[in-house]
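Single-structure report; data block below.
Hydrogens, waters and symmetry mates play no part in the numbers below; they use all other heavy atoms, side chains included.
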Amino acid sequence: MKLNCIAVDDEPLALGLVCTFIEKTPFLELAGSFSNGVDALQAIQNGGIDVAFLDIQMPDLTGLELARILEKSPERAPRVVFTTAFNQFAHEGYKVDALDYLLKPFNYEEFLKAATKAQQHFSLVRRAEESSGQLVSPKDNYLFLKVEYQMVRVLFEDILYIEGLKDYVKVHLESSLKPILSLTSLKSLEEKLAGKGFMRVHRSFIVNLDKISAVTKTSISIGTENIPVSEQYKEDFNRYLSQWM
């Protein structure tokens, strides 16, 4: 299976190099090249793009800004590999769940390692779909979290609650005593879990509503854990509870 890719860079030489590398790689297909993020976004919204190789510093719409837009529409979002001459953006890159971060000038060997990560990611998604007995869209009943140097598949039904820790989240699972630590934001997961039976009840907590065992005026019990409900989210939570009273 070939992965449809686009290259986005406002520097012609850098753009040409990425395009050459894509065309040189047997499992990649160059679907388009763009000198700005606005045109790239239009191509992505048309669908069919698996991987976007994005420069970060571009006029009008930076690569990071484009990646944040894509996070809000995961059903059409390709996976992102950043290409940049500035290493200070690496942390921000991983916060938007980028697959990899290529620091210019990079050679084909480095590019191929990033491309292989993308290939492994999509192979894992396909195997998960096939093992379920039906083809389901990614993130239909699970999501992938970046844990250290790998992408880990987590079923929604296995999540008890999610705890925000600055730039990380700690995902507490029913199937494991040890939580998963992933470099992403609570806000990003809140958006990905919208409509999936989860609710944010505190600036630091998202809970799986099906796992709640008891509630008080100010807290939720999930197993042996008590999770606070803050004033900011209390109205929405009480509205949810009123459906069952």
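- Side-chain contact between Asp9 and Phe53: absent, with no pair of heavy atoms (C-beta onward) separated by less than 4.5 Å.
- Looking at Asp236 and Tyr240, their side chains never come closer than 4.5 Å, going by heavy atoms from C-beta outward.
- Taken together through direct or relayed side-chain contacts under 4.5 Å among Ile, Leu, Val, Met, Phe, Trp and Tyr, Leu64 and Ile49 form part of one hydrophobic cluster.
- For the pair Asn208/Leu160, no side-chain contact is recorded, criterion being any heavy-atom separation below 4.5 Å from C-beta on.
- Salt-bridge formation is not detected for the pair Glu190/Lys187: no Lys NZ or Arg NE/NH1/NH2 atom is positioned less than 4.0 Å from an Asp or Glu carboxylate oxygen.
- Residues Phe111 and Leu28 are in side-chain contact: their nearest non-hydrogen atoms beyond the backbone lie under 4.5 Å apart.
- Taking the six-membered ring where the residue is Trp, His121 and Phe144 present perpendicular rings, their angle passing 60° and hence far from 30°.
- Side-chain polar atoms of Asp10 and Ser35 form no donor-acceptor pair below 3.5 angstrom.
- Heavy atoms of other residues, nucleotides or ligands lying less than 6.0 angstrom from CD of Glu110 number more than 12.
- Between Phe198 and Phe156, the angle of the ring planes goes over 60°, which puts this pair in the perpendicular group of the 30/60° scheme.
- Atom OH in Tyr108 sits 11.5 Å away from atom CG in Leu17 (nearest 0.5 Å).
- Counting heavy atoms from C-beta on, the side chains of Leu189 and Leu145 come closer than 4.5 Å.
- For the 3.5 Å distance criterion, the side chains of Asp158 and Ser175 qualify, holding a donor opposite an acceptor.
- The cluster map of Ile, Leu, Val, Met, Phe, Trp and Tyr, joined by side-chain heavy atoms under 4.5 Å apart, puts Leu30 and Val18 in the same cluster.
- With contacts defined as side-chain heavy-atom distances shorter than 4.5 Å, the pair Lys104/Leu102 does not qualify.
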